Colleague: 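One structure is given below, represented as structure tokens, and several questions about it will come after.
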Amino acid sequence: MLIDHVEVLVSSPGRNFVTLRVRTADGLTGYGDATLNGRELAVAAYLQEHVVPLLTGRDAHRIEDTWQYLYRGAYWRRGPVTMAAIAAVDTALWDLKAKVAGLPLYQLLGGRSRDACLVYGHASGNTLPELFDSIRAHLEKGYRALRIQTGLPGMSTVYGVASSPAAAGERYDYEPARATALPVEERWDTRLYLRHLPTVFEAVRAEFGPELPLLHDSHHRLTPIQAASLGKALEPYDLFWLEDVTPAENQEALRLVRRHTTTPLAIGEVFNTIWDYQTLIREQLIDYVRSPVTHAGGITALRRIFDYAAMYQVKSGIHGPTDISPVGLAAALHLGVAIHNFGIQEYMPHTSDTDAVFRPSYRFAGGSLAPGEEPGIGIDYDDVAAARFPYKAAYLPVNRLLDGTVHDW
Ligand code: EZ4
Ligand code: CO
């Protein structure tokens with residue numbers, strides 16, 4: 001199964017995506033996702049200039065060897081650009097191997113451990129009534145777990161709050177990347193957030209009862225002691241998880257958080273290797289691993305992280321915003337139905353333009369996503385549709401404190 005043609009596809013059906021297509025001499029096609037929000041062309045160039053020339057003529061069956069070749073062979077290790085590029089190759093090779101086998105990918109990963117992946121949707125609102133409308137709209141669609149993000153009184157934009165209300169149609173998802181010449185700048189007030197958020201969860205529990213699993217993302221904005229205090233304050237509302245409380249480059253910071261709260265913690269959407277989780281998992285400082293296939297070196301590498309996590313009863317919570325392409329989401333679902341320590345899968349539906357380009361075969365029903373049943377990962381990229389959506393530079397926002405200091409976004 002020799003690789004004879006590799007293409008880096010960049011398109012923007014609603015937002016930018018970088019996709020790798022690997023063709024074999026006998027005419028099979030495999031896909032991988034290499035999208036890195038706001039830095040897309042860096043990965044496209046890494047692939048085009050430094051990886052594509054290495055792939056032509058290789059045996060597509062040698063997934064592990066290719067992974068090690070690209071990881072160790074570059075000498076320069078880790079990092080989001082490198083690991084997204086390796087992820088795309090790895091995913092494309094798994095897609096190819098499953099197509100050769102004539103099986104959906106999850107069969108090659110050990111077969112089903114469950115019927116489908118429970119997902120959580122994104123409910124948000126600037127005010128409580130808007131938030132409640134968003135929760136109700138999601139429940140009507142069948143969601144059985146929800147992330148709750150809310151505006152702060154007096155602040156115009158806050159991470160995670162959709163700009164249009166729930167009823168406004170298909171673009172009710174939260175898309176932070178904006179096609180502006182410079183990144184949009186947002187403002188942030190940690191003390192206000194810490195005071196306000198528990199009142200929101202109290203109101204949501206009072207309105208919707210104790211059963212519904214609720215999640216929240218602090219998006220790296222707190223110090224360890226602030227995170228500890230928030231975790232404690234939210235304990236009465238029984239969160240499924242509290243996400244990214246601190247910028248976790250410093251894994252030891254989580255020791256302090258953990259000593260003070262039993263609120264479950266999820267971390268890692270910006271991590272890219274197992275080493276970023278070593279202390280967090282071994283010392284059981286977190287409960288959920290957030291890495292997606294797309295940013296953690298592919299199915300091969302993320303599977304390894306999950307197997308390590310399983311030793312410590314840490315579960316998967318794969319990142320699934322719209323900046324993970326349908327290729328990355330499809331790969332996550334095959335892995336998610338196969339592993340034993342599945343936790344939950346994040347899900348923000350893509351736009352119909354995105355789905356028209358990628359034609360994913362996964363299906364949402366009853367609050368869960370099930371991977372497609374045809375051979376491979378279940379993606380069929382439409383070049384004609386993609387040509388309608390050329391790349392458009394877009395940036396994630398930059399965050400500043402009220403006095404102007406740059407803060408974590
Ligand atoms: O801000 O993927 O949990 N989800 C998130 C996302 C991230 C975006 C950044 O590209 O934190 O919304
Ligand atoms: Co997050």
Side-chain angles (χ1 to χ4, degrees), residues 12 14-18 33-43 80-81 83-84 87 119-124 134 143 145-150 157-163 171-180 183-184 186 188 193 197 213-222 227 230 239-249 264-272 276-277 280 286-296 316-329 332 343-351 354 393-399 407-409:
S12 193
R15 63 165 342 287
N16 292 318
F17 295 109
V18 179
D33 178 24
T35 307
L36 187 62
N37 204 1
R39 294 292 185 271
E40 295 87 358
L41 297 187
V43 190
V81 175
M83 299 311 289
V119 302
Y120 69 91
H122 284 205
S124 72
S134 173
Y143 284 91
L146 290 175
R147 187 181 92 155
I148 302 296
Q149 304 294 136
T150 169
T157 49
V158 175
Y159 166 79
V161 180
S163 50
R171 280 318 307 267
Y172 176 70
D173 45 6
Y174 172 67
E175 173 51 74
R178 310 271 169 71
T180 46
V184 169
E186 296 180 352
W188 179 248
Y193 168 76
L197 192 67
L214 299 176
L215 302 82
H216 178 74
D217 192 343
S218 292
H219 229 251
H220 323 275
R221 288 160 189 219
L222 308 177
L230 181 63
L239 265 62
F240 185 95
W241 81 37
L242 180 60
E243 174 180 342
D244 284 336
V245 281
T246 61
E249 291 99 313
L265 302 175
I267 276 188
E269 68 185 46
V270 301
F271 290 177
N272 42 71
D276 302 321
Y277 287 103
L280 294 177
I286 58 169
D287 301 281
Y288 297 92
V289 162
R290 289 286 287 141
S291 284
V293 170
T294 308
H295 300 140
S316 73
I318 296 181
H319 196 210
T322 41
D323 44 287
I324 302 296
S325 88
V327 182
L329 179 56
I344 200 164
Q345 167 70 47
E346 183 178 20
Y347 180 44
M348 290 172 72
H350 289 103
T351 64
T354 299
Y395 287 99
L396 287 170
V398 168
N399 197 24
H407 192 60
D408 302 282
W409 177 75

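These values consider heavy atoms only, across backbone and side chains, with no hydrogens, waters or symmetry-generated copies. Start at 1 and go down the list; that is how both ligands and their atoms are numbered. Predicted model, so just to flag it, every value in this text is computed and none were measured.
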Colleague: Which atom pair, heavy atoms only, marks the closest approach of L329 to E346?
Modeller: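 Scanning both residues completely, I find the closest heavy atoms to be CD1-O, 4.5 Å.
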Colleague: If you round to the nearest 0.5 Å, how far is CG of N272 from OG1 of T294?
Modeller: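 One gets 12.5 Å once the value is rounded to the nearest 0.5 Å.
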Colleague: Does the N or O separation between W409 and ligand 1 drop below 3.5 Å for any pair?
Modeller: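 There is no such contact.
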Colleague: Answer with yes or no after comparing the ring centroid distance for Y193 and W188 against a 6.0 Å cut-off, counting only values under it.
Modeller: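 Aromatic pair counts; centres sit under 6.0 Å.
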Colleague: Which of the atoms of ligand 1 are close to R290, meaning less than 4.0 Å from one of its heavy atoms?
Modeller: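 The list of qualifying atoms is 3 (O), 4 (N).
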Colleague: Can you tell me how far CE of M83 sits from CG of L36, rounded to the nearest 0.5 angstrom?
Modeller: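 Between atom CG of L36 and atom CE of M83 there are 12.5 Å.
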Colleague: Mind listing the closest non-hydrogen atom pair of R290 and G317 along with its distance?
Modeller: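 Minimum heavy-atom separation between R290 and G317: NH1-O, 2.7 Å.
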Colleague: Under 4.0 Å from a heavy atom of P321: which atoms of ligand 1 are those, numbered in the order shown and with their elements?
Modeller: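 Ligand 1 atoms under the 4.0 Å threshold to P321: 2 (O).
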Colleague: Which protein non-hydrogen atom lies closest to atom 1 (O) of ligand 1, naming both residue and atom, and how far is it?
Modeller: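 Nearest neighbour among protein heavy atoms for atom 1 (O) of ligand 1, to 0.1 Å: H219 NE2, 2.8 Å.
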Colleague: Mind checking the CG-CD1 spacing from D33 to I324? Nearest 0.5 Å is all I need.
Modeller: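 Going from the CG atom of D33 to the CD1 atom of I324 covers 6.0 Å.
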Colleague: Decide whether the shortest distance between a heavy atom of M348 and an atom of ligand 1 is less than 4.0 Å.
Modeller: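 Distance cut 4.0 Å: M348 fails for ligand 1.
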Colleague: Counting each atom of ligand 1 from 1 as listed, which ones have a heavy atom of D217 under 4.0 Å away?
Modeller: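 Contacts of ligand 1 toward D217, numbered from 1: 3 (O), 4 (N), 5 (C), 11 (O).
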Colleague: In the protein, what heavy atom is nearest to atom 11 (O) of ligand 1, and what distance, to one decimal place, separates them?
Modeller: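 Protein heavy atom at minimum distance: E269 OE2, 2.7 Å.
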Colleague: Would you call the rings of W241 and Y120 parallel, tilted or perpendicular, where under 30° means parallel and over 60° means perpendicular?
Modeller: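 The arrangement is perpendicular - the two ring planes meet at more than 60°.
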Colleague: To check you understand the geometry: which heavy-atom pair defines the closest contact between D408 and H220, and what is its length?
Modeller: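 In terms of heavy atoms, the two residues are closest at CB-O, 3.3 Å.
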Colleague: First locate atom CG of D244, then atom CD1 of I286, and finally report the distance between them rounded to the nearest 0.5 Å.
Modeller: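 The CG atom of D244 sits 10.0 Å away from the CD1 atom of I286.
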Colleague: Which residue and atom name correspond to the protein heavy atom nearest atom 12 (O) of ligand 1, and how close is it?
Modeller: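 The closest heavy atom on the protein side is Y159 OH, 2.8 Å.
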Colleague: Take the Co ion (ligand 2) as the centre and count protein N, O or S atoms at distances under 2.8 Å.
Modeller: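 N, O or S atoms of the protein closer than 2.8 Å: 3.
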Colleague: In the protein, what heavy atom is nearest to atom 8 (C) of ligand 1, and what distance, to one decimal place, separates them?
Modeller: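 Nearest protein contact, heavy atoms only, for atom 8 (C) of ligand 1 is D323 OD1, 3.6 Å.
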Colleague: Give, for atom CZ of R147 and atom CD1 of I344, the distance between the pair rounded to the nearest 0.5 Å.
Modeller: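 Here the rounded value is 12.5 Å.
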